[in-house]
2 protein chains.
Amino acid sequence: MAVTIRDVARMAGVSVATVTRALSTPEVVRPTTRERVREVASSLGYHPNRAARGLITGRTGNIGLLVPDLANPFFPSIVKGVQARALEADHAVFLADTDEDPDAEAGLVRKLAKQVDGLVLCSPRMAEQELRAVAREVPMVLVYRRIAGVPSVTAEFLDGMRQALSHLVALGHRRIAYVAGPRSSWANRERVRSLRTVAKQAGVELVELGSVTPQFQGGVSVADRVLAAAVTAVIAYNDLVALGLLHRFAARGVAVPDDISVLGFDDIPLAAMVHPALTTVALPQGQAGQAGVDLLLDLLNKRDRAVRRELPTQLMVRGSTGSAR
Amino acid sequence: MAVTIRDVARMAGVSVATVTRALSTPEVVRPTTRERVREVASSLGYHPNRAARGLITGRTGNIGLLVPDLANPFFPSIVKGVQARALEADHAVFLADTDEDPDAEAGLVRKLAKQVDGLVLCSPRMAEQELRAVAREVPMVLVYRRIAGVPSVTAEFLDGMRQALSHLVALGHRRIAYVAGPRSSWANRERVRSLRTVAKQAGVELVELGSVTPQFQGGVSVADRVLAAAVTAVIAYNDLVALGLLHRFAARGVAVPDDISVLGFDDIPLAAMVHPALTTVALPQGQAGQAGVDLLLDLLNKRDRAVRRELPTQLMVRGSTGSAR
DNA sequence: CACCTGCTTGAAACGGATTTCACACTGGCT
DNA sequence: AGCCAGTGTGAAATCCGTTTCAAGCAGGTG
């Protein structure tokens with residue numbers, strides 16, 4: 001069937017040991033032999049069988065990637081980043097979507113764990129304790145979640161929030177609503193904390209609403225309460241919620257940004273496509289995915305242990321924010 | 001380290017052959033033995049090593065999934081469908097994103113092919129000839145592309161187009177534009193063909209524009225030409241293009257649907273989120289992914305050879321279409 | 001010249017499961 | 001009693017690379 005190492009050995013007139021050495025540790029075989037073996041190998045189109053190699057080395061060359069919900073447009077770009085970086089490192093990516101279910105997540109993690117060298121978990125919804133337990137069993141890196149002792153990639157939320165608030169303050173807003181995401185969400189806690197800090201520093205009055213489901217529908221359902229709160233601007237937990245707000249505002253004839261400014265978080269591709277386009281705090285996505293893979297590969301090569309990387313955020317000013325009335 | 005079949009055999013007082021039989025072909029071992037072995041196995045938390053199994057059986061229990069661009073919101077739902085169905089069948093999914101590059105695609109397919117039992121290719125951009133060559137090397141199923149001799153999952157484009165056009169005709173539209181996608185795209189050819197057929201039957205005057213890149217920007221760039229064409233309605237190659245049209249129309253102060261009706265294709269989640277919400281022909285996404293996996297598993301089990309499944313489409317009437325002026 | 005070192009290379013063991021082949025045993029039939 | 005078929009089980013071969021161990025050989029040293 002497929003060409004094996006023994007075929008190559010036979011054709012090159014050497015032992016299988018020499019073939020594997022010529023290919024994986026070239027420096028230990030005599031140059032003339034090495035070249036002969038390599039030529040035969042490539043002329044036969046030989047590629048070592050991954051299963052066989054994995055059996056002896058214990059490494060699969062695969063990494064697992066877990067996302068809560070691929071339908072949430074925040075994640076595909078991260079997946080693309082992971083995917084691209086993994087490919088460069090000659091690793092394949094197992095993808096698992098947990099449908100926002102923490103229990104399914106725990107099950108999938110353990111299932112995946114046995115087939116990969118390490119895991120990249122995107123915004124995992126699992127309890128911290130359980131996450132930590134899993135981290136002990138299999139090398140893993142967190143993206144958009146932080147836990148002591150586990151390598152992680154996050155963004156500078158505080159700075160992003162500061163950019164957002166400065167922008168609104170510069171436009172004259174003094175009373176601002178925040179629509180919170182799920183209470184159990186690490187990202188939400190992080191955002192609330194940052195926002196409170198910067199609001200206090202800026203002397204801005206903060207009205208906290210929610211929490212809502214972090215989706216379009218969540219924004220729709222809270223929109224009327226936002227209007228009732230008599231604020232001139234609203235910061236949403238994320239872009240999807242912000243889009244829900246925009247949708248409902250449009251339906252009620254509330255003009256954005258003339259009547260109220262709307263600001264999102266994430267910078268999903270849609271944010272720029274709606275009208276008015278959404279002003280939002282851009283979180284690195286593809287870059288975060290890449291960084292996650294980098295950290296994981298470092299971890300696998302026993303280099304660093306618990307690195308924590310914080311990527312920069314950037315405010316994207318678009319049409320949904322304007323001067324306070 | 002991990003618990004192996006030999007550990008189980010020793011603890012159960014049987015040979016390794018009996019252990020593997022008790023677990024994979026239970027009917028051939030005596031019930032009392034079988035139960036004893038199974039209990040020992042589960043008490044030890046034994047799970048067969050996939051690499052070892054793959055080495056001998058030649059099956060990996062993995063399937064490969066190729067998508068052109070995960071950032072295109074049409075694909076994540078398909079991936080979710082594939083993912084979910086594969087999980088049920090106890091298969092893991094390798095994901096590869098080709099970034100719309102036909103050459104990268106060809107390379108990735110061959111790379112993936114060696115690590116999986118079969119492939120699901122979503123809207124592949126490769127040339128038909130090359131695709132057919134790959135199909136000979138590895139079991140594969142096409143989703144949203146059709147080629148003779150290769151199992152495929154598509155949708156009833158003709159029927160979807162008929163629904164769309166009937167809807168517009170009922171609203172009084174008689175002169176309609178179509179914004180074409182890439183000429184090399186199978187999906188575009190399919191849509192043009194269907195549209196011409198039904199337009200002729202309905203006596204509708206068709207203005208074909210394009211082709212454009214099948215993205216938001218494509219819609220933006222062609223919007224002014226659509227307006228210049230003096231039509232009362234426009235059907236876009238897909239929803240992203242339609243959203244681009246909406247965006248540009250809004251910027252130019254053209255009212256939708258009062259001045260012009262806009263109709264998309266795909267029903268990506270965003271379609272319902274914008275304002276006005278986009279009327280569109282919904283193509284099955286998750287369902288198509290599931291069907292793709294089903295077909296692939298059938299193929300692997302040597303059942304069917306070249307099945308072709310066509311899923312139903314449905315017109316989603318929303319706010320972007322209205323009476324002709 | 002005897003001995004040691006370093007460089008190449010090959011034979012064989014190994015990893016963990018599945019599958020083939022053969023053997024032991026039971027029960028039924030002549 | 002003798003033979004056959006059928007059932008349950010184990011020993012060993014097998015899948016394909018990687019790694020260990022040992023040996024062959026050339027060149028250098030005392």
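Sequence lines set the chain letters: A, B, ... in the order given, protein chains first and strands last, and positions in each chain run from 1. We use all heavy atoms of the structure for the numbers below, so side chains are in, but hydrogens, waters and symmetry mates are not.
The nearest whole Å value for the distance from the CZ atom in A:R59 to the P atom in D:dG17 is 19 Å. Here the C1' atom of nucleotide D:dG6 and the CD atom of B:E27 are 16 Å apart, to the nearest Å.
For residues 116-135 of chain A, the set of pairs meeting the ring-ring contact (aromatic ring centres under 6.0 Å, His included) definition, not counting sequence neighbours, is empty.
Checking the phosphate oxygens (OP1, OP2) of C:dT9, a side-chain nitrogen or oxygen of A:R30 falls inside 4.0 Å.
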Sequence neighbours left out, cut at 3.5 Å: what donor-acceptor pairs do the side chains of residues 83-95 of chain A make with other protein atoms?
residue : atom : partner : partner atom : Å
A:R85   : NE   : A:D294  : OD1          : 2.7
A:R85   : NH1  : A:E88   : OE1          : 3.2
A:R85   : NH2  : A:D294  : OD1          : 3.1
A:D90   : OD1  : B:K111  : NZ           : 3.2
A:H91   : ND1  : A:G61   : O            : 3.4

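Rounding to the nearest 0.5 Å gives a distance of 8.5 Å between CG of B:D69 and CZ of B:R125.
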Salt bridge (charged side-chain N to carboxylate O under 4.0 Å, His left out) between A:R34 and A:E27, worked out
CA-CA 9 Å; A:R34 184 204 308 155; A:E27 66 278 8; over 6 Å; no
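The backbone N or O of A:L70 lies less than 3.5 Å from a partner atom in the side chain of A:D97, making a donor-acceptor pair.
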Whether each nucleotide of nucleotides 10-22 of chain C has a protein heavy atom under 4.0 Å at its base (B), only at its sugar-phosphate (S) or at neither (-) is summarised, 5' to 3', as BB--BBBBBBB--
